[in-house]
K.L.:
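Sharing a structure here in structure tokens format.
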Amino acid sequence: IHVENTHNTADTIAYNAIWELGDPSMTINRTGILVATLGQGAPLVVYNNMISLNGDNSPLAGIYLASGAPATVWGAFNTIHLRGTTGGPDVAAGIRTQTGAMTLRNNVILNERVCTAGIRGYGIYRGTAAATLSSDFNVLAVNGSGLIIGHSNGTNSTALADWKLAGFDPSGLSGIPVFIDPAAGNLHLKLAWPFVGENKGTPLAITDDIDHETRIAPPDIGADELTIGGAQILSANGGEVICGGTTLPIRWSARGVGT
């Protein structure tokens with residue numbers, strides 16, 4: 001998705017699943033959402049998107065606020081996953097900003113690239129002093145080689161603790177999320193695995209997730225609202241029993257099944 005030159009007040013990019021973008025062996029730029037040369041009063045809001053990219057020896061970015069006229073972008077409740085192997089001169093970052101003002105809240109960013117020959121990959125990459133970044137309540141994780149949690153105008157923050165000392169994500173969390181099928185663009189969380197961002201987000205005006213399921217307060221971090229509380233029935237067979245006098249919230253969803 002490429003937005004450039006202008007947009008209407010209070011426009012949004014939301015409810016998208018973006019994945020792969022071509023043969024992983026091809027040395028091409030892959031960007032899920034590219035925003036450039038905006039100059040508006042109200043922010044462009046990018047939320048409830050799942051972006052899963054795989055590329056060898058090629059630049060990758062889940063969301064990229066590129067150089068150009070000043071822009072204001074809000075990124076919230078997105079889930080981004082990067083994969084692949086690289087030894088080439090590239091920047092692979094879950095979220096990258098070069099200019100303008102970007103605010104990040106309640107995003108999940110997992111970079112699992114294997115970087116060689118001194119190349120680095122990043123969770124969040126702030127490339128210049130001209131880029132204003134406000135980042136908090138995000139889950140940031142790296143799980144490969146040559147990977148950095150965050151970069152700000154020439155300074156690397158290897159771990160989340162370093163990123164916090166640099167002034168970003170004071171309420172941020174780090175933990176490896178387990179997704180259902182990243183190669184197919186399915187970054188829904190597996191119910192059987194614990195998720196560090198469950199009920200750890202900050203409440204925003206966004207009241208549903210990528211599946212239009214209602215978010216509770218406090219919300220889960222990322223595009224998928226996972227919290228069901230009480231008990232989880234992973235495979236119902238009609239024999240479930242709830243004791244009398246017990247009150248449990250019940251939520252039901254069918255993923256990958258027609259309705």
Side-chain angles (χ1 to χ4, degrees), residues 1 3 7-19 32-33 35 38 40-52 62-63 65 71-81 94-95 101-110 124 133-141 168-173 175 177-180 185-191 193-233 247-259:
I1 298 175
V3 179
H7 76 276
N8 297 319
T9 299
D11 273 356
T12 63
I13 301 174
Y15 308 105
N16 298 289
I18 302 168
W19 70 96
I33 298 173
V35 181
L38 299 180
Q40 80 292 333
L44 173 68
V45 182
V46 181
Y47 70 98
N48 280 346
N49 298 286
M50 291 183 176
I51 304 171
S52 181
I63 299 173
L65 180 52
T72 303
V73 174
W74 270 80
F77 290 117
N78 299 289
T79 298
I80 300 170
H81 183 218
I95 295 180
M102 176 173 275
T103 298
L104 301 176
R105 296 290 186 272
N106 298 343
N107 300 284
V108 172
I109 302 172
L110 172 60
I124 298 175
L133 176 64
S134 171
S135 184
D136 203 5
F137 292 96
N138 300 295
V139 172
L140 306 176
F168 304 102
D169 278 278
S171 301
L173 299 168
V178 180
F179 302 123
I180 290 179
N186 188 347
L187 299 184
H188 288 92
L189 296 158
K190 284 191 175 182
L191 292 175
W193 274 263
F195 173 52
V196 69
E198 187 173 358
N199 298 128
K200 292 301 188 337
T202 184
L204 301 174
I206 299 165
T207 58
D208 64 359
D209 73 352
I210 191 171
D211 305 305
H212 300 285
E213 295 174 350
T214 301
R215 293 193 179 274
I216 65 172
D220 295 342
I221 297 174
D224 184 21
E225 180 71 24
L226 176 67
T227 304
I228 57 179
Q232 295 186 19
I233 301 175
T247 300
L248 292 175
I250 297 176
R251 292 177 58 194
W252 175 90
S253 66
R255 292 174 176 161
V257 179
T259 57

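Numbers here are sequence positions counted from 1. Note: hydrogens, waters and symmetry copies are ignored here, and every other heavy atom, side chains too, is used. What you see is a predicted model, and the numbers here were worked out from it, not measured in a lab.
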K.L.:
Distance-only, no hydrogens or angles: does the D136 side chain make a donor-acceptor pair with backbone N or O of S171 under 3.5 Å?
P.N.:
yes
K.L.:
Any donor and acceptor pair, going by atom type alone, linking the side chain of E198 with main-chain N or O of D220 inside 3.5 Å?
P.N.:
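Not a single qualifying donor-acceptor pair exists.
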K.L.:
Run the side-chain contact (heavy atoms from CB on, under 4.5 Å) test against T207 and tell me which residues pass, sequence neighbours left out.
P.N.:
none
K.L.:
Determine whether a donor-acceptor pair (N or O, by modelled atom type, separation under 3.5 Å) exists between the side chain of T79 and the backbone of A223.
P.N.:
yes
K.L.:
If only atom types and distance count, is the side chain of R105 paired as donor or acceptor with the main-chain N or O of S134 below 3.5 Å?
P.N.:
yes
K.L.:
If you measure from OH on Y47 to CD1 on I206, what distance do you get to the nearest 0.5 Å?
P.N.:
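The OH atom of Y47 sits 6.0 Å away from the CD1 atom of I206.
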K.L.:
Under a plain distance cut-off of 3.5 Å, with no hydrogens placed, do N48 and R215 share a side-chain donor-acceptor pair?
P.N.:
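Yes, a side-chain donor-acceptor pair sits under 3.5 Å.
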K.L.:
Do D169 and I124 come within less than 4.5 Å of each other through their side chains, counting heavy atoms only?
P.N.:
yes
K.L.:
Do T214 and E225 make a side-chain contact, defined as non-hydrogen atoms from C-beta onward lying under 4.5 Å apart?
P.N.:
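Contact flag for T214/E225 side chains = no.
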K.L.:
Does any N or O in the side chain of N107 come within less than 3.5 Å of the main-chain N or O of N138, such that one atom is a donor and the other an acceptor?
P.N.:
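Not a single qualifying donor-acceptor pair exists.
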K.L.:
Could you check whether any side-chain N or O of N78 sits under 3.5 Å from a backbone N or O of V46, counting only pairs where one atom can act as donor and the other as acceptor?
P.N.:
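Yes.
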K.L.:
Between the side chain of D224 and the main-chain N/O of L189, is any donor-acceptor distance below 3.5 Å?
P.N.:
yes
K.L.:
Just say parallel, tilted or perpendicular for the rings of F179 and H81, cut-offs at 30° and 60°.
P.N.:
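Judged by the thresholds at 30° and 60°, the geometry between F179 and H81 is tilted.
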K.L.:
Quick check: do I210 and H188 have side-chain heavy atoms less than 4.5 Å from each other?
P.N.:
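With C-beta onward as the side chain, the pair touches.
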K.L.:
Given L133, which partner from the list L65, T103, L104 fulfils the side chain to side chain contact (heavy atoms under 4.5 Å, CB included) test?
P.N.:
L104
K.L.:
Does a side-chain heavy-atom distance below 4.5 Å link L204 with F77?
P.N.:
yes
K.L.:
Side-chain contact, heavy-atom cut-off 4.5 Å: L226 with F195?
P.N.:
yes
K.L.:
If we ignore hydrogens and angles and just use 3.5 Å, is the side chain of N199 paired with the main-chain N or O of P218 as donor and acceptor?
P.N.:
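Judged by distance alone, yes, a pair lies under 3.5 Å.
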